[in-house]
Structure formats: C-alpha cells, structure tokens
Protein chains: 2
Amino acid sequence: MMPHAAAATPQLLRRVNAQAVLRHIRGADVATGTELMALTGLTRASVIAVCEDLIGRGWIVELDQPRTVPANPRKGRPARRFAFNREAGFVLGLDIGAATTTAAVADLRGTVIGRSSESFRAADIPAQERIGVIDLACRQALEAAGTDPGTVLAVGAGIAAPVDRDGNVLVTQRFWSLFDVGLRSALKDLHGWTVLLENDANLAALGERWRGSGAGVDDLVVLLAGERLGAGVMESGRLLHGRGGAAGEMGYLDMVEGVGSSDGIAALARQWSAAGGGPSAGGPASAPRVFEDAAAGDAAALAILDRISERMARVIASIASLINPEQVVIGGAVAESAGALLPGITARLPRFTATPPRVTVSPLGDKIVTVGAIRHALDFVEANALELELAG
Amino acid sequence: MMPHAAAATPQLLRRVNAQAVLRHIRGADVATGTELMALTGLTRASVIAVCEDLIGRGWIVELDQPRTVPANPRKGRPARRFAFNREAGFVLGLDIGAATTTAAVADLRGTVIGRSSESFRAADIPAQERIGVIDLACRQALEAAGTDPGTVLAVGAGIAAPVDRDGNVLVTQRFWSLFDVGLRSALKDLHGWTVLLENDANLAALGERWRGSGAGVDDLVVLLAGERLGAGVMESGRLLHGRGGAAGEMGYLDMVEGVGSSDGIAALARQWSAAGGGPSAGGPASAPRVFEDAAAGDAAALAILDRISERMARVIASIASLINPEQVVIGGAVAESAGALLPGITARLPRFTATPPRVTVSPLGDKIVTVGAIRHALDFVEANALELELAG
DNA sequence: AGGAATATATTTAGCTTGTATCTAAATTAC
DNA sequence: GTAATTTAGATACAAGCTAAATATATTCCT
C-alpha cells in the first residue's frame, strides 16, 4: 500500500529529548542539570533520567566533583556535572584523489588525532589494489591515533566524481563508477564501517563552513580550484546534489573562452604561462612559478593572473546569479597563493552580477577535503547517535 | 542563554500522529480505521482517538454509512468512513504583476472555485491604492467562490522581485521594497490573513511540480520566460532562495550576447524582430507575430527563433552545470508557442553541458503563478494544520 | 560552630498517549 | 438462523512527561 511511517510512540519522546540534551552537552564543555533544564525546557526529573540514559549508552560521562575550591564559589548543593564523551568513538575522513589517499582520524569533537597518506602505484591499478592502499592509509591513521578499527563510527570519503544524495556514483563516464561501489562494500566487509561517499568539492564546502573562512555561513559556495574546477554548493545550510549528484560540476560551464572549462586555477596558470611567455617562459611553466613571478612584479605573470581573475569572476558571477550565496570561498591546492587574485575578482564582480557575494580564500590548505569528510562523518554520527552501537 | 527548543511532551506524540493520519486522509478519497492502522502503524484505539480529535477540530468528517449496497460487498461489521473536509477552509493564490493582480480561491484539495483579476490604474500609483486593488481582486474572487474572508487560512502571493526565505523583500532597488511590507501587514490588518510572499518564478516551480509538466520531479527548474527571465529552482523538493532571495534572478547572467540578460523570450523576439526585419518588419514587432510567421515558414522569423533557442540552451546549460536538475520547464506568457523552440534547445544542450536535463513547456499557461501560489499556501496550511484555528 | 539561605537531587502522584488484549456489534455467506 | 468475518469499543498496563513535596549538600552569616 504505502511505506507506512513508524508510529510515534512514547519512546520517541525520549529519543527526541535525549537528542536535544546530547546536542547541548556536545556544544558545551561541561553541563549541569539546571543548565540543561533551561536549554531544553524539560524538568529536572526528565533531564536527569535522560542523562542517566546517555551515560549508560556511553555518550556522556559524569565528572567527579572538583576537590579544589572552584574559581567563583556558588552557594547551594553542588550540581552533578556532565560532559560529552568525545572518545565514545572516532570518525575517519578520507580524501581519495587520483594519485593519493589521505586518511584522518578524529574524535567526536572533531579534533584530528591521527593522519596518514598513501599513494597509488600507478593511475590504472585495479580496484582491488586501490582499495588495499586506501585501507592501509586508514589503518595507519588509526594506529597513529592510538585506536583501532572497531571504534570507528563512520567514515566520510571524498572523491572527484559526482555523487548523488544517497552516496551513489551514477555517472558511468569514469573509472570511478566501477571503483566506488567497491569501496563502500569493501570497507563494510573488512571492518564493518559505514562509508559516506561524497563529492570532494561538497566536502570542501562542509569543511569550510565548519572550520574555514565560511564559518557559520548558510549560503556558501566553495570552489575547489586547483587542477580541476568544481563547486560545492550549500544553500540554507544544506548541500546541493541535483538529480545525479552533478550539481557544481562545472564541466562545460564556460562557453566563452577557449580553455577547457573544467580547468582549475593551477591548470590555467600553467597553460597560459606556457603559451604566453614571460621571464620564466623558458623553464617549466608551473603554477607556483607564475604566482612567484607575479609577486615579483613580472608583467606577463601579472597579466595571466588578471586573466584568471576575469575568468573566476565570470564563474562566480554565474553562481551568484543562480544561487545567490552570501560567500564564495576559493580552496584547493592553490589556495595559499590565490589571495593575489582576490582584488581582481572582487573588483570585476559588480559588472557581472547584481548580487556579488563576499569572496575569500580558504585557510584550510590541502586539508580542506579531509576536514569536510570528518564533518560529514560527524554529522552522520550526531544524527544517528542514539541508534548507533558504541564498541566498548 | 539559548533559544531553547520546546521540550517534547506527550502531546507532541498526538500532534505527530494526527499529522500523519490527516496526511493520509487528505491523500485518499475516503479512509477507514483499518486502512489508517496499516498506513500509520498505529493501533485501532489510537487511530480512532486521533480521528475523533480531527473531527472535533473540523479537519475531517465522518461519512454516513452508504444506504445502497456497495459495489464489492465486504463481510464483517461496516467500517466507519472518514474523509478530508476540503471545505474546512480556503486559500488564496495571488499573482501580483506590474500591471495586473489575479486572485484565485481554492479549497483545501486545491480545486479552484473562484478567480478574479484587477488592473492597476497606472504603473506609479501609491502603495495604498495598489493594496486596495489587490484587496478588491481578493474579495471578488472570494465572492465568486461563495465564501468570505473569514474562511481564508493562508494567502500565497507571487511578485516579480527577490524574496528571501522568510518572505521578506530585501533588495531595495525597486518600488517593491516599499510596497511588499505594506501588503503583508495590510492584509493582516484588514482580514487577519497570513500572507506568504514569494518570488513569482519560485511559485511557478511549485505549481509546475504540483500540477504541471514537472509533476513529482524533485530537482526541477522553471524558467519564467515571458517579458523578463527568472528561474525558480527546486532541489530535492525544496525551493532555493539564497542569501537575499535572489537565487534564480538571472540579472546579468548572460555575458556573451549584447542583449539585456534579464530579457525573456517575448522581449527577445520583439527586439530582434524589430532590429532584423522579415515580412512583418513593417508592422508592430510583437512576439506572437514572430511565432506566427515562423510557423508559416518565414525565414527571418525562423532565424530569430533559432537565435532564441541558442540563447535559451546556453542559459539552461549554465543551470544544468550548477544545479543538475532532472528537468527544466519553460513557462510564462509565451509558454504556448515556446514548443517551437524545444527541438532547437534540446539539440544544442549536449554541446554545452555534460548533464542535459529534460526540457518541456508548461501546460499551465498564465495560471502558472496562481497555481503555485495556491500550492504554497496549501503547504503552509498542511504544515500548520493542527495549530490553525478553523473559523465557522 | 551552628543555623539560615540556597541550589540541587530525589521521590511521589498524576496526566497524556501509546500498546495489547478481550469482548461486543454489525454485516455477509451458507 | 447460525457461523464467519470484520470493525468497534472497553479495560489493563507501560512509557514518559510534569508538578509538587521532600531530602541533601554547600555557602554565608552570626
């Protein structure tokens, strides 16, 4: 007949209230019953019952009374003090690139406590070997963190391919399509992990909103603009995927200039530098070199940066017209040097769009995807905390 | 300290379950207790209790036992039959254009039972007079529907300006900025109505997904492409607004051609026709005339349509790259004739984007905005049903 | 040091809403 | 007319919340 929704039973109340209490305890350093009463609107009896429940499940711990006299001594019976158990489990954040995979382990507050990278032997290795390399990076990161696979509650994984809302890679145009499905089931089979696959630019957006220059911005676009160009779009605090997960895949967006439209800043700098000349025309036309030369005042390099700024301004303006974000963050491999592009971009925007966003450069460097992957995994854990089993 | 969320009390359960039951009854023509048990997962006792509740509040009615023998006679004690009370209240859908306002009255199933249009005396009349004209259209439509202002549960209103998520017009660049705020409070003061302001293209998207060619499509874009060009964007079944409500305002999007980028199909046809010539170059260069001429095989007119197709294909491709919708619907004043553009657009799309959406033409004609406004109002009523007072 | 004041903790009674189970009612089929 | 079948209604009970009364631990003041 219909996929009938589960009936709301009294147990649902406890779930909802426990979730609210847990959220507040997670946000605070330490919480007392009275604070939680004010925050949740529950009575003391309910708050305490919920806390006992959460302690039993391992999500929070009760702290001992401080032996030392507290800084500002308060009258009355001392309150029981509850704290989030940030080591109730851990999450993994993966940045799976074409050449290298980086794994980062974080506790439930998001503090990274282990990290490891492994490179693939070649670009065309079979899926099985690729999974082996990824798994190795994960295990090394866990070891560095001093924990083991059994404590992992969720894995966020970013790849440079369209991923739809359900974590499936639909587009069959690349080798990923074969590979990714293998990854999810492989890590499930190996360790029992829940793997949340996402597009790398989308994860970059999550990361930037969490701990980058877009902190707290609900309408945010992150341009992952190193070698390739991809956008992670958040509207009203939610990631946009589109029908097949290809939202933000700016594949053919640029219909004006002759360059490949999926080229990022680094690729453009290299190409135009190789074609154009300048003092470093003789040497290898690397992107860092172009930025260096421009910083030193070289006219040809400056002209290239200007051209890149123009191009980025057009891309950002298209985004501004369609999505109207509050802020656009430029991230990826060239983020450190991309600051030099900002004035040129910002100055051009009003010519191209009536709603120019704030444009900034990511402070997260090459960690942008793993940070976002961790956030993605934490979001899952926080949403499903009361359904997850904690391993001792 | 914090905006503390309301605690989940046992009453919440009833609210949740009543909402679920009401949703199912609204969807079905008539429902029995046994059906609702299966659909909601509740026990019979709870289902009956909820239904009694809903009857008391006026949202549903209990039907008499049919005197006639039913078509397929069933064994056992006959079930009580519950039906949605589609006349528990009504909603208004407004299309507030620059020259004319149209008001439509619908019952709670969305059937339009009254309609009225009123034009403004001039473009620059004061806000007070404008509100008066709108109010007149509303009252006439209500009279035509045989009901009165007291039965209106919500009003959806579409305007051709950016409106943010909260229904506020932020951009101050047009006379709307003064006008709209007046509308909400004016109709609240006059009749006690809750007015939900939205961008007209956004409402078009709601309408198209509800009763147009995008029925049931979660990732849908509607181009309102008459005189002006605006997009209503839905992703995962939700409308996109962006920071200031300007998402889909394609203001300066086109950086390629010399035409004003906010021009819609009709405007383009007129401009290019006036500039270009053709058999009807002597007469008034109206958009319908261009489509007529093209249908008759006129080469110049065909060339203009081709040029429009190219332009629309580029716009749609930009959208496809950023949002990846499943479908794009072209609506607005020219929707009837826009079918002639479809082959030209569809053929060009693969050149511009790797993820071409299905492109269709709206069947809703000039009712597209009022239909969407009704849907918008119904969404509000359905979400807030159990908090709303029913009059009469 | 001892009592008052204060803040927190715990207990008890009662309300709402749900489930589960049993009995009653109304209809069809033979 | 009786059995089978389906729905309705009633009773018992469990979960979770509130509210109010009572108990406990600490600081402040004399």
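Within every chain, numbering begins at 1; the chains are lettered A, B, ... in the order of the sequence lines, protein sequences first and strands thereafter. Any value given below was found using the heavy atoms of this structure, including those in side chains, with hydrogens, waters and symmetry copies removed. Quick caveat, the model's predicted, so the values are computed rather than measured.
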> To the nearest Å, give me how far apart CD (B:E62) and C1' (D:dG9) are.
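One finds 14 Å between C1' of D:dG9 and CD of B:E62, rounded.
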> Which residues satisfy the side-chain contact (heavy atoms from CB on, under 4.5 Å) test with B:D166, sequence neighbours excluded?
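With neighbours one apart ignored, the set is B:D164, B:N168.
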> I'd like to know if the side chain of B:D219 and the backbone of B:E326 have a donor-acceptor N/O pair within less than 3.5 Å.
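Looks like no, no N/O pair under 3.5 Å.
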> Going 5' to 3' through nucleotides 13-24 of chain C, assign each nucleotide B (protein heavy atom under 4.0 Å from a base atom), S (under 4.0 Å only from sugar-phosphate atoms) or - (no protein heavy atom that close).
---BBSB----B
> Find which nucleotide of DNA chain D each of B:G76 and B:F82 is nearest to by heavy atoms, and output the residue with the more 5' nucleotide.
B:G76
> D:dT2 P sits how many Å from B:K75 NZ, rounded?
19 Å
> Would you please say whether a donor-acceptor pair under 3.5 Å links the side chains of A:E198 and A:H241?
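Looking only at side-chain atoms, A:H241 and A:E198 do form a donor-acceptor pair, the distance falling under 3.5 Å.
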> Below the 4.0 Å mark, does D:dT24 have OP1 or OP2 next to a side-chain nitrogen or oxygen of A:R80?
no
> In this structure, how many angstroms lie between the P atom of C:dT8 and the CG atom of A:L36, rounded?
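About 12 Å, once rounded to whole Å.
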> May I have the distance from B:I55 (atom CD1) to D:dA8 (atom P), rounded to whole angstrom?
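From B:I55 CD1 to D:dA8 P: 11 Å.
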> Looking at B:R81 and B:E62, is any side-chain nitrogen of the basic one under 4.0 Å from a carboxylate oxygen of the acidic one?
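So B:E62 does not pair with B:R81 through a salt bridge.
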> Give a yes-or-no answer on whether the side chains of B:S46 and B:R14 include a donor-acceptor pair shorter than 3.5 Å.
no
> Find the distance A:I48:CD1 to C:dA7:P and express it as a whole number of Å.
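Taking CD1 of A:I48 and P of C:dA7, I get 17 Å after rounding.
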> Mind checking what makes side-chain contact (heavy atoms from CB on, under 4.5 Å) contact with A:V16, not counting sequence neighbours?
A:L12, B:A8
> A:T32 or B:P78: which one's nearest nucleotide on DNA chain C is closer to the 5' end?
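Closest to the 5' end, via its nearest nucleotide, is A:T32.
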